[in-house]
Structure formats: structure tokens, C-alpha cells
Amino acid sequence: MLPAAGFGTRFLPATKAIPKEVLPLVDRPIIQYAVEEAVASGIEQIIIVISTGRSAIEDHFDSAPTLERWLEDRGDIEMLRQIRRISETGTIAFVHQKEQLGLGHAVLMAKDLVGDEPFAVLLSDDVMLNPGGTPVTQQLIDQYTAHRGSTIALQRVDPSEVSRYGIVQPIHQEGRLVEIRDLVEKPAVGEAPSDLAVLGRYVLSPKIFDLLESTSRGAGGEIQLTDAITALMVEQPVFGYQFDGVRHDAGTRIGWLKANIAMALESDDADEVRAYIRSLDLRD
Ligand code: G1P
């Protein structure tokens with residue numbers, strides 16, 4: 001499931017009328033990267049949680065017969081193939097979150113569709129790339145299967161940035177796998193239990209839904225997924241996994257700009273982008 005119902009406050013005014021999830025990263029909307037990662041990880045049923053006014057997300061994944069006919073008439077078969085592939089990606093269901101009460105609340109909206117099965121949560125702000133390797137969500141699924149426990153993606157962050165993330169208190173680490181004692185949402189700098197941050201991928205036991213139902217508002221006055229995962233730890237094992245791959249932060253204006261540059265330098269336009277950057281006067 002992909003939560004995409006927020007106001008996109010970190011991108012205002014750009015996101016006044018359009019959701020941040022459809023802002024482009026090089027050649028496709030931010031959310032498409034996460035959907036592609038889910039599909040590449042073997043997930044066939046995708047749930048996107050949206051809110052009123054977010055219909056651009058639904059439209060993006062819908063078929064576009066007029067556009068397709070126009071591309072066909074022009075003989076632009078490559079673009080036609082790309083456009084068709086988007087609407088043929090897995091089965092996508094949309095669920096509405098009527099009030100923006102937080103990430104935990106958004107996840108709870110998918111309860112009935114998920115049912116009694118483990119499921120993955122992908123925050124599309126965190127663009128996870130692992131070209132040629134195992135997709136990050138697949139890495140977490142593999143850990144869930146091997147250890148029979150909910151598994152969340154971790155990456156070290158600069159200690160000055162801990163208050164932007166959920167931060168774990170590790171007990172023990174073996175290779176990339178981290179046993180966790182506690183989890184704190186957005187701790188103050190200097191009060192964080194470590195520099196290991198939760199990044200936007202989770203593979204969770206369906207037990208999380210019962211816990212979300214009884215989770216009260218936490219950091220920022222929101223119902224936090226982090227708090228429900230902390231409660232889950234009392235009942236079931238929860239692991240962290242220092243994933244293999246690169247994460248781009250497309251959830252802030254500066255992160256999104258950097259992600260565009262970094263990803264453009266890996267794209268088909270890389271030579272031109274590199275030449276353009278070289279031509280800029282970069283002196284202070
Ligand atoms: C959310 C989670 C946080 C996590 C972060 C990763 O925060 O609440 O625990 O570390 O995503 O990007 P948000 O970015 O929605 O404020």
C-alpha cells in the first residue's frame with residue numbers, strides 16, 4: 001500500500017492543486033517509481049490511499065485511450081508502449097482517507113483490502129533505486145519470510161537530521177539485520193537512540209491494524225505508524241534491515257531537486273545534463 005493523501009505541505013505552493021506524488025522525477029511521477037518497485041518485488045495488488053482532490057494520481061494509472069490513439073496515429077510506438085505499460089501495472093485499488101490524521105491512520109484505511117496477510121507499505125517520497133540488484137521492497141519481503149517478523153528499512157543518517165525520521169534503538173546487529181528494542185518518531189537532536197533511521201519501506205504483519213486502531217495521536221498530533229510498530233514489538237518480533245540500494249529523498253523541495261539532478265545523471269540525457277552542469281558558474 002502506498003499512502004498518497006497528504007497535503008504536500010513541504011512543496012507548497014507547487015502542490016496547491018496537484019499532489020506531490022505526481023511531481024515529475026526526470027521522466028515520470030514520483031509515485032510511479034514506488035509502484036514499479038512493488039511490481040518488481042512480486043507484488044500484484046496495489047492499494048493507493050488518496051484524499052479529495054488527488055484524482056491526478058488515479059488518472060495517471062488509468063488508461064488514456066485518446067492519447068494512445070494519437071500516439072498510434074503518429075507512429076510513436078515507443079511512447080505508446082510506455083503509456084500502456086503504466087495502466088497495465090498490477091491491479092491498483094484506490095482508497096479514500098477522509099481526514100488527514102497521519103501516516104498510521106492512512107495505513108489503517110487499507111485494512112479491509114489487505115485482510116489477514118502480511119503487506120508492504122511504500123512511502124513514495126523515498127525513492128529507492130538498486131539498479132541490477134534486488135528491489136528494496138523485495139529485500140524486506142525476503143527478510144520477513146526468513147525471520148517471520150515485520151521488517152522495516154533502515155539507513156544511517158547524519159546525527160543532525162534525526163528529527164526528520166523515525167529512529168530505532170538497536171539491540172543487536174548481524175550483517176544488515178538489526179534487532180530493535182524501541183522506535184522513536186522524530187526525536188530531538190541529542191535525544192535520538194541512534195542514527196539508524198526508518199526509511200519509507202515496511203513489510204508488516206496484519207496485526208499492525210489492531211494496534212493502529214488503538215494508537216492515539218503522537219508526534220505532531222498525528223496517528224503515527226511508528227507508535228503502532230513500537231506496540232507491535234511487544235507482541236511479535238520486529239526487525240530493521242539496512243537495505244542495499246540508494247535512497248533519494250523526493251519529499252522535500254531541496255531533496256527533490258537533488259534527486260532530479262542525480263537521476264538525470266543516470267538517465268539517457270546524462271551527457272547533456274553533465275555538460276550543462278559543467279557550463280554553470282558554480283563559484284560562490
Ligand atoms: C515518515 C515516518 C518516519 C520515517 C519517514 C521516512 O515521516 O513517519 O518514521 O522515518 O517517513 O521518510 P514523514 O516523512 O511522513 O514525516
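All values below were derived from every heavy atom in this structure, side-chain atoms included, with hydrogens, water molecules and symmetry-related copies excluded. The first residue of the sequence shown is numbered 1, and numbering continues consecutively from there. Read the numbers this way: they start at 1 and go in the same order the structure lists the ligands and their atoms. Owing to the predicted nature of the structure, the values given are computational and were not obtained by experimental measurement.
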Exercise. What's the shortest distance from atom 7 (O) of ligand 1 to any protein heavy atom, and which residue and atom give it?
Worked result: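 Going by distance alone, atom 7 (O) of ligand 1 is nearest to K186 NZ, 3.3 Å.
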Problem set entry | Same apolar cluster (I L V M F W Y, side chains within < 4.5 Å links), I48/L108 |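 I48 does not cluster with L108.
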Is there a polar contact between ligand 1 and [X], counting only N or O atoms under 3.5 Å apart?
X: E185; answer: yes
X: G166; answer: yes
X: V198; answer: yes
X: R247; answer: no

For this session: Would you mind running through ligand 1 and noting each atom that sits below 4.0 Å from a heavy atom of D126?
Result: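 Close to D126: 6 (C), 12 (O).
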For this session: Have a look at Q242 and tell me which of Q139, Q173, Q155 forms a side chain to side chain donor-acceptor pair (under 3.5 Å) with it.
Result: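 So the option named by the test is Q173.
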Problem set entry | Test item: side-chain donor near acceptor, Q143 and T151, under 3.5 Å |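 No.
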Problem set entry | D125 side-chain N/O to G251 backbone N/O, donor-acceptor pair under 3.5 Å |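 Judged by distance alone, no pair lies under 3.5 Å.
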Exercise. Should the proximity of R10 to ligand 1, defined as any heavy atom under 4.0 Å, be assigned to the side chain, the backbone, both, or neither?
Worked result: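 Under 4.0 Å from ligand 1, R10 contributes side-chain atoms alone.
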Exercise. Any non-hydrogen atom of T226 lying under 4.0 Å from ligand 1?
Worked result: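 Yes, that is the case, since the closest heavy atom of the residue is under 4.0 Å from the ligand.
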For this session: Please verify whether a non-hydrogen atom of L123 lies at under 4.0 Å from ligand 1.
Result: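 Contact check L123 vs ligand 1: positive.
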Exercise. Taking 4.0 angstrom as the limit, do D249 and K258 come out as a salt bridge?
Worked result: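 Answer for the salt bridge query: no.
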Exercise. Any Lys/Arg nitrogen of E72 or R69 sitting under 4.0 Å from an Asp/Glu carboxylate oxygen of the other?
Worked result: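 No salt bridge links E72 with R69.
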Problem set entry | Side-chain touch L80/E68, heavy atoms, less than 4.5 angstrom |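 Result yes, sub-4.5 Å side-chain heavy-atom pair found.
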